[in-house]
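As C-alpha cells, the structure follows; a few thoughts come after it.
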Amino acid sequence: MAQQKVANTATFCILYYLIRGGIVIKVVFIGDIVGSVGRKAVKEMLPIIKKKWSPDFIIANGENAAAGRGITKQIAKDLFEQGIHGITMGNHTWDNKDIFDFIDEESRMVRPANFPEGTPGRGAAVLKSEGKELAIINLQGRTFLPPLDCPFAKAEVLVKQITKKTKHILVDFHAEATSEKIAMGWHLDGKVSAVVGTHTHVQSHDERILPLGTAYITDVGMVGPRDGILGMERSAVLQKFRTQLPVRFNVDEGKWHFHAVFIELHPQSGLSQRIELIRSYEDQFIME
C-alpha cells in the first residue's frame, strides 16, 4: 500500500511537470540587506529558505550590507559561501571604497547598468546552477535619485542582448518612486521573467503576474533591524525630520525582520507562473 502511494505521488509529480512544460526554475530574491543585523538574519533564514522552497537561485540586494553603506569583499564572500548565487546593488554601490578592489573580478555581482559607460563592474550577469541559467539585470531609477542614463532604454538594450542567451531574466529595479517602478514593470511585461523593486525598504503587497507573464512587486522590502526607521537608528532619523539639520545615520541594532519573494519560472518561456511573499521576524516566523 505504501509503495503504491509513493508510485502514485511520483506519477503525479511527473505529469505535473510535463503539463507545465518541464521542471520549473525556482528563484528567491532577498530584499536590501542592511548591516550586521541584516547579515545575521540572512544566515539564520537561508537554511529555512532552502528547505521550504528549494530554490535553484537565491539573489539578494547587498548595497546596504556593510553598516548600511555599500558592501565589502569579505561580506560578499560570506554571502556567496552561505548559498547566495548573485548580488545586486543600487545607489550606495560606491559608498564603501573596498568595492573598487573586487567589483570588476566578481562576475556574480551586478551594479546599476545605467551608470555611464566606463563605470567599474557590470550591469548584468548570467548565473548558472545545476544546469540551469538565470540572468540578473540591475537598474536604478532617476526620480528623486541621481540622474543616470535612462533605465528604460538601457533595459531594452540589455534584454535584447540577453534573450539570445537565456529567457530567464530577473530585473532588480532600484528606485525611489513607486510610479517609476510600476512603469518599468509594464515596460518589461512579457520581455523578462520578473521585475522586482528595491530601495525603499518596505515590502509592498502588490505582488502579481502581469498580463504577459512577468512577475512584479513594487518593493521586496528589507532584511535588517525591524524597530529602526528603514533600518537606521530612530533617534537620528527623528532628529533629521524635526530639525532639518545634518545628521549621521547609523544602522540600528536589535531584532531583525526578513523580506523576500519566491518566484517560479516556466522552463521554456521564461515567464513567471507564481510569485509569493516571504516575510519573517526574529521571534515569529510568518509566511504569506
Problem - Stepwise side-chain contact (heavy atoms from CB on, under 4.5 Å) test for I182 and Y216 - result: CA-CA 8 Å; I182 295 172; Y216 174 81; 3.3 Å; yes
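- Looking only at side-chain heavy atoms (C-beta outward), I23 and P267 stay at 4.5 Å or farther from each other.
- Salt-bridge formation is detected for the pair E282/K40: a Lys NZ or Arg NE/NH1/NH2 atom is positioned less than 4.0 Å from an Asp or Glu carboxylate oxygen.
- A donor-acceptor pair under 3.5 Å is formed between the side chain of S272 and the backbone N or O of S193.
- Side-chain N or O atoms of H92 include none that pairs as donor or acceptor with a backbone N or O of D95 at under 3.5 Å.
- Of all non-hydrogen atoms in R234 and D227, the two that sit nearest each other are NH1-O, 2.7 Å.
- At least one donor-acceptor pair closer than 3.5 Å links the side chain of S129 to the backbone N or O of D56.
- Here the closest heavy-atom approach between residue V220 and residue A260 is recorded as CG1-CA, 3.6 Å.
- When each of H174, R69, R111, Q140 is checked for a side-chain hydrogen bond (donor to acceptor under 3.5 Å, both in side chains) with E63, only H174 meets the rule.
- Around atom NZ of K132, more than 12 heavy atoms belonging to other residues, nucleotides or ligands sit under 6.0 Å away.
- Checked against R108 for a side-chain contact (heavy atoms from CB on, under 4.5 Å), the options I87, I59, L127 give a single hit: L127.
- A pairwise comparison of heavy atoms in I84 and V42 identifies CD1-CG1, 4.1 Å as the closest pair.
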Exercise for the section: Just do the side-chain contact (heavy atoms from CB on, under 4.5 Å) check on I30 and I58 with the steps written out, would you? Expected result: CA-CA 8 Å; I30 299 170; I58 303 174; 3.8 Å; yes
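- The shortest side-chain heavy-atom distance between P211 and D189 falls under the 4.5 Å cut-off.
- Contact check for I137 versus V110: no side-chain heavy atoms found under the 4.5 Å cut-off.
- One hydrophobic cluster, built from ILVMFWY side chains closer than 4.5 Å, holds both I75 and M45.
- A 4.5 Å side-chain heavy-atom check between V37 and R226 finds every atom pair outside the cut-off.
- Separating the CD atom in E176 from the OG1 atom in T200 is a distance of 7.0 Å, to the nearest 0.5 Å.
- With R39 contributing its side chain and D78 its backbone, the two residues share no donor-acceptor pair below 3.5 Å.
- Remark: side-chain polar atoms of N64 are not paired, donor with acceptor, to backbone N or O of I33 under 3.5 angstrom.
- Taking OG1 from T198 and CG from D172, the interatomic distance works out to 3.5 Å, rounded to the nearest 0.5 Å.
- Connection of W256 to I71 is established within a shared hydrophobic cluster, with ILVMFWY side chains joined at heavy-atom distances below 4.5 Å, either directly or through further cluster members.
- Applying the 6.0 Å contact sphere to CD of E130 captures no more than 12 heavy atoms from other residues, nucleotides or ligands.
- The CD1 atom of I48 sits 9.0 Å away from the NZ atom of K51 when rounded to the nearest 0.5 Å.
- Considering CZ of F249 and CD1 of I229, their distance stands at 8.5 Å, rounded to 0.5 Å.
- In this structure, T214 contributes its side chain and V192 its backbone to a donor-acceptor pair below 3.5 Å.
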Exercise for the section: With side-chain contact (heavy atoms from CB on, under 4.5 Å) as the test, would you mind laying out the steps for I99 and N96 before giving the verdict? Expected result: CA-CA 6 Å; I99 191 80; N96 193 300; 5.6 Å; no
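- Of all heavy-atom pairs spanning Q82 and K50, the tightest one is O-NZ, 2.7 Å.
- Below 30°, between 30° and 60°, or above 60°: for W53 and F262 the angle between ring planes is between 30° and 60°, a tilted geometry.
- Looking at heavy atoms from C-beta onward, M222 lies in side-chain contact with H257 at the 4.5 angstrom threshold.
- The number of heavy-atom neighbours closer than 6.0 Å to NZ of K167, taken from other residues, nucleotides and ligands shown, is 12 or below.
- Paired with E133 under the rule side-chain contact (heavy atoms from CB on, under 4.5 Å), one option of I25, I169, V126 passes, and it is V126.
- For the atom pair CD (E207) and CD1 (I278), the distance works out to 11.5 Å, reported to the nearest 0.5 Å.
- Between K181 and T218, the shortest heavy-atom distance links the atoms CD-O, 2.9 Å.
- Annotation: side chain of F258 is in contact with side chain of I49 (closest heavy-atom distance under 4.5 Å).
- Looking at D206, its side chain never comes within 3.5 Å of a backbone N or O of I217 through a donor-acceptor pair.
- Shortest non-hydrogen contact noted between L148 and R142 is O-CD, 2.9 Å.
- Between the side chain of H259 and the main chain of L277, no donor-acceptor pair closer than 3.5 Å is present.
- Remark: H266 NE2 to L271 CG distance equals 8.5 Å, nearest 0.5 Å.
- Heavy atoms from other residues, nucleotides or ligands lying under 6.0 Å from NZ of K255 number 12 at most.
- Checked against the 6.0 Å centroid threshold, F100 and W94 count as a close aromatic pair.
- Hydrophobic clustering places M89 together with F80 (ILVMFWY residues linked when any side-chain heavy atoms are closer than 4.5 Å, directly or through intermediates).
- Between the side chain of E180 and the backbone N or O of T143, at least one donor-acceptor pair lies under 3.5 Å.
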Exercise for the section: Start with the C-alpha gap between N138 and T88, add the side-chain angles, then the distance that decides, and say whether side-chain hydrogen bond (donor to acceptor under 3.5 Å, both in side chains) holds. Expected result: CA-CA 6 Å; N138 199 186; T88 59; 5.0 Å; no
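- Formation of a donor-acceptor pair under 3.5 Å by the R122 side chain with backbone atoms of E106 is found in this model.
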Exercise for the section: Kindly indicate, with the supporting measurements, whether the criterion salt bridge (charged side-chain N to carboxylate O under 4.0 Å, His left out) is fulfilled by E117 and K154. Expected result: CA-CA 11 Å; E117 291 294 328; K154 191 65 176 182; 3.5 Å; yes
Practice task
Verify side-chain contact (heavy atoms from CB on, under 4.5 Å) between E264 and E276, making sure each step is shown before the conclusion.
Solution key: CA-CA 9 Å; E264 194 176 81; E276 176 183 342; over 6 Å; no
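- In the hydrophobic cluster analysis, where Ile, Leu, Val, Met, Phe, Trp and Tyr join through side-chain heavy atoms closer than 4.5 angstrom, L134 is grouped together with F29.
- Tracing side-chain contacts under 4.5 Å through hydrophobic residues (I, L, V, M, F, W, Y), one never reaches I263 starting from F173; they form parts of separate clusters.
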